[in-house]
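The structure displayed is predicted, hence computed values, not measured ones. Remember, it's 1-based here, ligands and their atoms both numbered in the order they're listed.
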Amino acid sequence: MTKVLRVNPLNPSADAIREAAEAIVGGGTVAFPTETVYGIGANAFDAEAVKKVFKIKGRPSDNPAIVHISSIDQLKDVAAPVSGELLEKFRVLWPGPITFVLKGNGELPEEVTAGLDTVTVRMPAHTVALRLIDAAKVPIAAPSANISGRPSATSAAHVIEDLDGKADFIIDGGNTMFGLESTIIDLTSERPKLLRPGAYTVEELKRYFPDLDTSEIILSENEAPISPGLKYRHYAPDKPMVVASDDMIIKAASELKGKRILFICSTETAKSLPKDSLAIDLGSRADLYRVAQNLFDSIRKIDKSDAKMAVIERFPERGIGLALMNRISKAAGMRLADSVESIEKLLK
Ligand code: AMP
Ligand code: MG
């Protein structure tokens, strides 16, 4: 049985937090909101409880989970000592949507770290998450609260869709603010390295880590080819999805009229589509934070709609647009439509 606790995200009731924290301490699992996406968490020091989280998600055990803390002081419980200089940066950047891979201290079970000697840590900037960790008095290991491979949950309704009957508690704190996962930076080698673009932008991060290595993520920097295919599919709908420019979307919508294609696009593009096109408006191109906020909910709607496939708009990879396009590309299995015919081919 899953109990849903509805709370005010800015001022959650102490009773609800206490009930959920007791579940964590008792070896249970709790889904909770953060400023990025919802997490499904357990006491990071309780191997059995963390195992439950992985089982609930269907997550492979070789994919480590992020450990969430609520104070800088808690860092020493999960990671090896860090330099004073780094600690100063953490004090500025945390709480926030930024996660660091650090050297571990050997205290966490391998269920959390996947047996690596590193640990991935974040202090979330969300009152519910911070109060829950505070009340439980333990760090909380929490991957995103979705079935593995599905889009991350950005509302309690998404969590219920995926985890009802599996998690012990779901704390409903409304929609998450960013709607995209945290940025991950690996600090365990000589040069800080971007592992996942996220809610905290690279442009901003470079103020703190000027030598940040982004070559694995920003492919144009190292000329690595974009590999097509299913290997990169993640956050994905069951139905086919492809990325296309705004012009291509407008062209396809008129040439493939009535073929049950769902267009997921900016307000500006939506306005140019023929009447009675199937479309989801992600928000204005001028506000990519809004577009990001709506992304995962829109991807979840594809499979629920009676469309046969979806075409999603390509956005510029600047600022939050880098993380946005990273998720869109993965969800679309790295497929970019270069013609109306290539879209039509996916209809069968
Ligand atoms: P999620 O569980 O969906 O919030 O995603 C967490 C991400 O952090 C996954 O992509 C993990 O592979 C990554 N991650 C966690 N721990 C480590 C680590 N020690 N080294 C590298 N990546 C990690
Ligand atoms: Mg995830």
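With a 4.5 Å cut-off on side-chain heavy atoms, S266 and S284 do not count as touching.
Contact check on D162 versus R150 returns a salt bridge, with a Lys/Arg side-chain nitrogen under 4.0 Å from an Asp/Glu carboxylate oxygen. E313 and R285 are joined by a salt bridge, as a carboxylate oxygen and a charged side-chain nitrogen come within less than 4.0 angstrom of each other. R6 and D172 are joined by a salt bridge, as a carboxylate oxygen and a charged side-chain nitrogen come within less than 4.0 angstrom of each other. The residues R131 and D134 are annotated as not salt-bridged, no charged nitrogen and carboxylate oxygen being separated by less than 4.0 angstrom. Classification of R122 and E35 as a salt-bridged pair holds, one side-chain N sitting under 4.0 Å from a carboxylate O. Residues K251 and D247 are not paired through a salt bridge, judged by the lack of any N-O separation under 4.0 Å between the basic side chain and the carboxylate. Here E161 pairs with K304 in a salt bridge; the nearest charged N to carboxylate O distance falls below 4.0 Å.
Every atom of ligand 1 is numbered from 1 in the order shown, and the set under 4.0 Å from a heavy atom of T118 is 18 (C), 19 (N). With ligand atoms numbered from 1 in the order given, ligand 1 contributes 5 (O), 6 (C), 7 (C) to contacts under 4.0 Å with heavy atoms of R196. Listed by atom number, the atoms of ligand 1 under 4.0 Å from P64 heavy atoms are 11 (C), 14 (N), 15 (C), 16 (N), 17 (C), 18 (C), 23 (C). Contact atoms of ligand 1 toward S144: 1 (P), 2 (O), 3 (O), 4 (O) (distance under 4.0 Å to a heavy atom of the residue). Close approach of ligand 1 to N63 (heavy-atom distance below 4.0 Å) involves ligand atoms 9 (C), 11 (C), 12 (O).
Given atom 23 (C) of ligand 1, the protein heavy atom at minimum distance is T120 OG1, 3.6 Å. At the shortest separation from atom 20 (N) of ligand 1 among protein heavy atoms lies V101 CG1, 3.8 Å. Looking from atom 13 (C) of ligand 1 to the surrounding protein, the closest heavy atom is I184 CD1, 3.9 Å.
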Listed pairs under 3.5 Å, donor-acceptor, residues 82-93 side chains, sequence neighbours left out:
| from | atom 1 | to | atom 2 | distance (Å) |
| --- | --- | --- | --- | --- |
| S83 | OG | L86 | N | 3.1 |
| K89 | NZ | Y208 | O | 3.1 |

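For L195, every heavy-atom contact with ligand 1 shorter than 4.0 Å involves the side chain, none the backbone. Only the side chain of I66 comes within contact range of ligand 1, with a heavy atom under 4.0 Å; no backbone atom does.
For the Mg ion (ligand 2), the tally of protein N/O/S atoms lying closer than 2.8 Å stands at 1.
In this structure, the side chain to side chain contact (heavy atoms under 4.5 Å, CB included) partners of P9, at least two apart in sequence or on a different chain, are H126. Taking the ring pair (Phe, Tyr, Trp, His ring centres under 6.0 Å) definition, one finds that F296 meets it with Y235, sequence neighbours left out.
Distances between N or O atoms of K57 and those of ligand 1 include no value under 3.5 Å.
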